[in-house]
Chemist: 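Take this structure, written in structure tokens, and hold onto it; I'll ask about it next.
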2 protein chains.
Amino acid sequence: MHDILFTFLAKYVSLTTEEMNAITSLDIIHTVKKGTTLLKEGQQSKESFFVLKGCIRTYYIIEGEEKTTAFYTEMEGLTPHCVMNDTPSEYYISCVEDSILIISRADMESEINGRFPKFETLCRKLSEERLAIQQTDFDLFKTSSPEQRYLNLLQRRPDLIQRVPQHQLANYLGIQPQSLSRLRARILEKKQ
Amino acid sequence: MHDILFTFLAKYVSLTTEEMNAITSLDIIHTVKKGTTLLKEGQQSKESFFVLKGCIRTYYIIEGEEKTTAFYTEMEGLTPHCVMNDTPSEYYISCVEDSILIISRADMESEINGRFPKFETLCRKLSEERLAIQQTDFDLFKTSSPEQRYLNLLQRRPDLIQRVPQHQLANYLGIQPQSLSRLRARILEKKQ
DNA sequence: TACACTCGTTCACTTAAGTTAAGAAATATT
DNA sequence: AATATTTCTTAACTTAAGTGAACGAGTGTA
């Protein structure tokens, strides 16, 4: 399992055997069953998640309703807001599919960062890159209509449409599930 | 001017005099006039921006129209997407007000990062924090109607509504300028 | 097998945003 | 000061999303 991880990391820094062993010895790779809740609202966790295989989602419960706002799939990760600023979490994280995850605690990270400066470089690059992507994603969202957003998703992440329930997709697109159904019917009509 | 910067940085790491001098000697603080374009579409710049005073914005030109997607004010910064992945920029950056900025080039950063590991820690923390904030902002955007988004902005960044033109605010809220006018009139009506 | 539950779709209706156009107000230009 | 230009608002109309309800398909459970 670690080879997938190291292949990915090689894109950002070249690690020595010693450094790889240090990471391996942390024993941070976990197999998680579909539906498992990784973080609950109100919890003050220090855990970050990185997806090696599978899919996880973040969601809020607003007026009793689940509102899914993000999906993370292979080679994507997130550090929850509550880890950064020591506050209770505002959202939930759960597994959309059976998944293999890296679950790391903030204290483990800072220890490794201290011992291997290269690891800090890695974390910096990863979060800088992720931030730049997140910004352009947000920009695209703002400048698109719901229908365009769905068409963008079809192009950019067709897999998501297959592996995720419609009502979660609708939240993710910022609309109601009924509107997504209608919108899809509209697109199909246009094609013919 | 540097004192404002160091006061801000002190929240993340404690710097020695030597480290502060290294930063000061880079001569990266610039005064920029309102309306100045800092980055153009198609350009392949390596410059990052951090606002000490004033306000800058990112915008796209889509079908001949400016679409403002983000504002950065005091103690906020951005590394454009094009700096991260060596591609021509998809957007513009320009000054909303006369501003004082830190403009740093990627090569300067990596040099300082190499010399002072502490500086790398700083950059990592800043971008991790910014990423977490950006994520929850995006979440709030997705789960809100345009009217709610405007009310949120009123609460969270009332200054922006004062210092920024309406049509740019409208883009930022993901709606047409006319819709923003209407929506504001509607809110005023409700109050009475 | 029967029953309950969730999920996606469809419909009718309501509400709000997009669009086009026009005019007023504020700014900039000559 | 007069004119042009940009910015904001308003209005009428169109289009699409929100809402509430109903229905069938699929899933799980007793």
Side-chain angles (χ1 to χ4, degrees), chain A residues 33-35 37 55 57 59-68 71 94-98 140-154 160-192, chain B residues 33-37 55 57 59 61-68 71 92 94-98 141-154 160-192:
Chain A
K33 277 254 167 285
K34 173 177 175 175
T37 301
C55 179
R57 63 187 250 262
Y59 64 97
Y60 294 72
I61 296 190
I62 299 173
E63 295 169 25
E65 298 244 306
E66 273 189 22
K67 300 283 180 187
T68 298
F71 299 101
S94 91
C95 269
V96 175
E97 306 169 349
D98 291 351
L140 186 63
F141 193 94
K142 277 180 183 169
T143 55
S144 302
S145 67
E147 184 172 327
Q148 285 174 313
R149 297 202 287 259
Y150 177 77
L151 292 171
N152 287 336
L153 194 67
L154 256 176
L160 266 192
I161 294 172
Q162 299 307 318
R163 65 209 286 193
V164 155
Q166 295 288 330
H167 64 281
Q168 290 176 14
L169 259 191
N171 296 159
Y172 180 69
L173 294 169
I175 56 175
Q176 299 300 316
Q178 296 95 318
S179 298
L180 178 55
S181 269
R182 179 168 40 197
L183 174 163
R184 294 178 73 201
R186 200 164 58 220
I187 290 171
L188 275 176
E189 234 174 63
K190 280 184 196 168
K191 277 191 184 165
Q192 285 145 17
Chain B
K33 278 255 167 283
K34 172 176 175 175
T36 308
T37 301
C55 179
R57 62 187 252 261
Y59 64 95
I61 294 191
I62 299 173
E63 295 171 26
E65 297 244 308
E66 273 189 23
K67 300 285 180 187
T68 299
F71 298 101
Y92 295 77
S94 89
C95 269
V96 175
E97 307 169 348
D98 291 350
F141 193 94
K142 277 180 182 167
T143 54
S144 303
S145 67
E147 185 170 328
Q148 286 173 312
R149 297 203 285 259
Y150 177 76
L151 292 170
N152 288 336
L153 194 67
L154 255 177
L160 265 193
I161 294 172
Q162 299 309 318
R163 63 208 288 192
V164 156
Q166 296 288 332
H167 65 280
Q168 290 176 14
L169 260 190
N171 296 160
Y172 180 67
L173 294 169
I175 57 175
Q176 300 299 313
Q178 297 93 317
S179 299
L180 178 55
S181 269
R182 180 168 41 200
L183 175 162
R184 296 177 72 202
R186 198 163 63 220
I187 291 172
L188 275 176
E189 235 174 64
K190 280 184 195 166
K191 278 191 182 164
Q192 286 146 16

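In the text below, chain A, chain B and the rest are named by the order of the sequence lines, each starting its count at 1. No hydrogens, no waters, no symmetry mates; every other heavy atom, side chains included, goes into these values.
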Chemist: Given C/dG18, D/dA17, C/dT10, which nucleotide is nearest the side-chain atoms of A/Leu183?
Modeler: D/dA17

Chemist: Can you tell me how far P of D/dA17 sits from NZ of B/Lys142, to the nearest Å?
Modeler: 17 Å

Chemist: Identify, with sequence neighbours excluded, every residue that meets ring-ring contact (aromatic ring centres under 6.0 Å, His included) alongside A/Tyr172.
Modeler: A/Phe71

Chemist: From A/Leu160 CG over to A/Leu173 CG, what is the distance, rounded to the nearest 0.5 angstrom?
Modeler: 9.5 Å

Chemist: Should we say atom CD of A/Gln148 is surrounded by more than 12 heavy atoms from elsewhere, each under 6.0 Å from it?
Modeler: yes

Chemist: Listed in order of residue number, which residues of residues 167-177 of chain B have a non-hydrogen atom at under 4.0 Å from DNA chain D?
Modeler: B/His167

Chemist: Angle between the two end axes of the helix from C/dT1-D/dA30 to C/dT30-D/dA1, five base pairs per end, rounded to 10 degrees?
Modeler: 40°

Chemist: Between the side chain of B/Gln168 and the main-chain N/O of B/Pro165, is any donor-acceptor distance below 3.5 Å?
Modeler: no

Chemist: Verify, without hydrogens or angle tests, whether B/Arg57 (side chain) and B/Val96 (backbone) share a donor-acceptor contact under 3.5 angstrom.
Modeler: no

Chemist: Over how many whole Å does the gap from A/Arg149 atom CZ to D/dA17 atom P extend?
Modeler: 9 Å

Chemist: Are any non-hydrogen side-chain atoms of A/Gln178 and A/Ser181 less than 4.5 angstrom apart?
Modeler: no

Chemist: Return the value, rounded to whole Å, for the distance between atom CD1 of B/Ile161 and atom C1' of D/dT7.
Modeler: 17 Å

Chemist: Got a donor-acceptor pair under 3.5 Å from the side chain of A/Arg182 to the base of C/dG8?
Modeler: no

Chemist: To the nearest 0.5 angstrom, please state how far the OG atom of A/Ser145 sits from the CD1 atom of A/Ile175.
Modeler: 9.5 Å

Chemist: For B/Ser179 and for B/Lys34, locate the closest nucleotide of DNA chain C by heavy-atom distance; then report the residue assigned to the nucleotide nearer the 5' terminus.
Modeler: B/Ser179

Chemist: Using whole Å, report how far CZ of B/Arg186 lies from C1' of C/dT14.
Modeler: 13 Å

Chemist: Just how far, in rounded Å, is C1' of D/dA17 from CD of B/Glu147?
Modeler: 15 Å

Chemist: Using atom CD of B/Gln178 as one end and atom C1' of C/dT19 as the other, report the distance to the nearest whole Å.
Modeler: 7 Å

Chemist: Check A/Lys67 against A/Asn171 and note the closest heavy-atom contact, atom names and distance.
Modeler: CA-OD1, 3.5 Å

Chemist: What's the CD-P distance between B/Gln166 and C/dT27, to the nearest Å?
Modeler: 13 Å

Chemist: If you look at every heavy atom in A/Ser144 and A/Asn152, which pair is closest and at what distance?
Modeler: OG-ND2, 3.5 Å

Chemist: Rounded to whole angstrom units, what separation is found between the CZ atom of B/Arg184 and the P atom of C/dA16?
Modeler: 18 Å

